[in-house]
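Report on the following structure.
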Protein chains: 2
Amino acid sequence: IIRAEALEKVYFTQAEKIEALKAVNLEINKGDFIVINGPSGSGKTTLLNLLSGIDKPSGGELYFDGFPLGEFTDSERTVIRRDKIGLVFQSFELIPVLTARENVEYPLLLQKIKRVERRERVDEILARVGLAEMADRFPAQLSGGQKQRVAIARALVTRPEVVLADEPTGNLDSEIGQKIIKLMLRLNQEYSVAFVIVTHDLSINKYAKKLIQIKDGILSLREVNSHV
Amino acid sequence: IIRAEALEKVYFTQAEKIEALKAVNLEINKGDFIVINGPSGSGKTTLLNLLSGIDKPSGGELYFDGFPLGEFTDSERTVIRRDKIGLVFQSFELIPVLTARENVEYPLLLQKIKRVERRERVDEILARVGLAEMADRFPAQLSGGQKQRVAIARALVTRPEVVLADEPTGNLDSEIGQKIIKLMLRLNQEYSVAFVIVTHDLSINKYAKKLIQIKDGILSLREVNSHV
Ligand SMILES: Nc1ncnc2c1ncn2[C@@H]1O[C@H](COP(=O)(O)OP(=O)(O)OP(=O)(O)O)[C@@H](O)[C@H]1O
Ligand SMILES: Nc1ncnc2c1ncn2[C@@H]1O[C@H](COP(=O)(O)OP(=O)(O)OP(=O)(O)O)[C@@H](O)[C@H]1O
Ligand SMILES: [Mg+2]
Ligand SMILES: [Mg+2]
């Protein structure tokens with residue numbers, strides 16, 4: 001679905017040139033369940049921002065369904081993100097003026113899903129992340145972990161081809177965190193949703209079909225478990 | 001230093017009345033090292049917001065150094081927070097227009113610490129959280145875990161009487177997370193800084209002198225380790 005070849009990202013500040021990603025090669029295929037670990041500042045968020053098309057690489061090439069991402073127009077990339085990719089941001093990025101339900105429903109509205117089906121799918125995913133009773137609250141009325149779960153529900157509700165999740169359990173206790181990972185595994189097995197999960201929580205690693213380490217902007221493959 | 005008696009907090013939304021904290025009793029003494037675990041939404045952030053005086057309780061009484069917090073004026077409470085309490089927020093709350101160094105230096109400026117000493121203390125704490133090279137960057141140019149460490153450095157640099165830390169390692173890998181906890185333990189042992197650490201990371205529990213559980217707004221004491 002997504003292929004990165006020799007991907008590079010350099011940031012410039014007034015004082016420095018920061019090589020956040022160096023020569024990254026990565027392939028995400030249908031049904032993949034990839035976990036990425038790495039120290040703080042090693043390039044994980046930068047990688048996800050490039051894979052989703054939110055940010056542009058400084059070098060290398062990115063392919064979506066075989067086509068170079070650079071050849072799509074900005075509006076085509078927006079359509080790809082809307083229909084094919086689900087994103088869980090490290091800082092959630094919820095819309096403050098919409099309720100939890102409306103935040104989760106938003107991507108389905110963009111896809112012009114009918115009202116009855118939207119209602120069913122939103123209710124179901126909110127229940128699965130334990131937020132059924134919070135559906136009508138605004139982000140400011142939710143705890144950190146509740147906001148994180150709204151962000152997760154929003155990324156999953158469209159059952160996209162690939163979900164890119166940036167530290168999705170960082171604000172969750174281990175019980176609800178495990179529930180969320182099992183939910184992702186079910187979507188992976190039942191709907192072939194591919195997952196790329198960036199996480200500091202090493203207890204998630206055992207579920208990975210492919211385990212990747214990132215350090216100073218360089219990826220290395222650690223394990224492949226095809227039997228998982 | 002801080003004492004809570006029968007503390008209550010109720011939130012009102014259009015549809016509901018939410019009893020976020022119920023009859024909470026808690027005492028924080030000099031040199032304490034308290035860890036609080038609890039499920040997402042159980043009331044941890046609410047508790048810290050009351051203990052720091054950022055929010056007002058709906059019921060019960062809060063004492064600071066023996067005096068009821070309600071009897072201080074707003075500006076007196078601000079002085080208490082500035083001089084006595086260090087806060088690490090769950091969502092960091094850095095000042096976007098200040099660099100990492102300036103964000104950490106800010107509380108020392110408020111305390112009118114002299115320039116040379118400010119410089120030394122800020123450089124030292126930034127080095128201890130692994131951010132010496134990022135000192136001149138702005139929050140927008142930092143990773144999630146780097147921002148979290150700026151927030152931690154800012155809370156510790158004044159060596160306050162008590163540090164209230166809301167999930168301080170949620171965005172950190174285990175290596176730097178352990179370093180941060182050891183830094184807190186050193187401040188606790190060398191300067192008698194009291195710590196109240198809210199966390200989902202159960203690996204921190206072994207360091208606690210007092211371990212508290214919170215569920216549906218109710219606290220219960222789980223363990224006291226006076227030998228730690
Ligand atoms: N401003 C608010 N208005 C209404 N309800 C609120 C508000 N802030 C928090 N709550 C509710 O109060 C309860 C406790 O919230 P709190 O933020 O203290 O939880 P928490 O233990 O810190 O959770 P987490 O681990 O997810 O950060 C939650 O059910 C939350 O939805
Ligand atoms: N806008 C930016 N300008 C300059 N440098 C940046 C910018 N964004 C990120 N960086 C730097 O690029 C490097 C990688 O950042 P990134 O956010 O990808 O790390 P990360 O692996 O997600 O870290 P964390 O686990 O702390 O979230 C870091 O050193 C960071 O400081
Ligand atoms: Mg990150
Ligand atoms: Mg919280």
For F33(B), what residues pass the ring-ring contact (aromatic ring centres under 6.0 Å, His included) criterion, not counting sequence neighbours? F195(B)
Is it the backbone or the side chain of I18(B) that comes under 4.5 Å from a heavy atom of chain A, or both, or neither? side chain
Between chain A and chain B, donor-acceptor distances below 3.5 angstrom:
residue, atom, partner, partner atom, Å
E16(A), OE2, R137(B), NE, 3.0
S40(A), N, D173(B), OD1, 2.7
S40(A), OG, R149(B), NH2, 2.8
Q90(A), NE2, N171(B), OD1, 3.0
R137(A), NE, E16(B), OE2, 3.0
R149(A), NH2, S40(B), OG, 2.8
N171(A), O, H200(B), NE2, 3.1
N171(A), OD1, Q90(B), NE2, 3.0
D173(A), N, H200(B), ND1, 3.3
D173(A), OD1, S40(B), N, 2.7
H200(A), ND1, D173(B), N, 3.4
H200(A), NE2, N171(B), O, 3.1

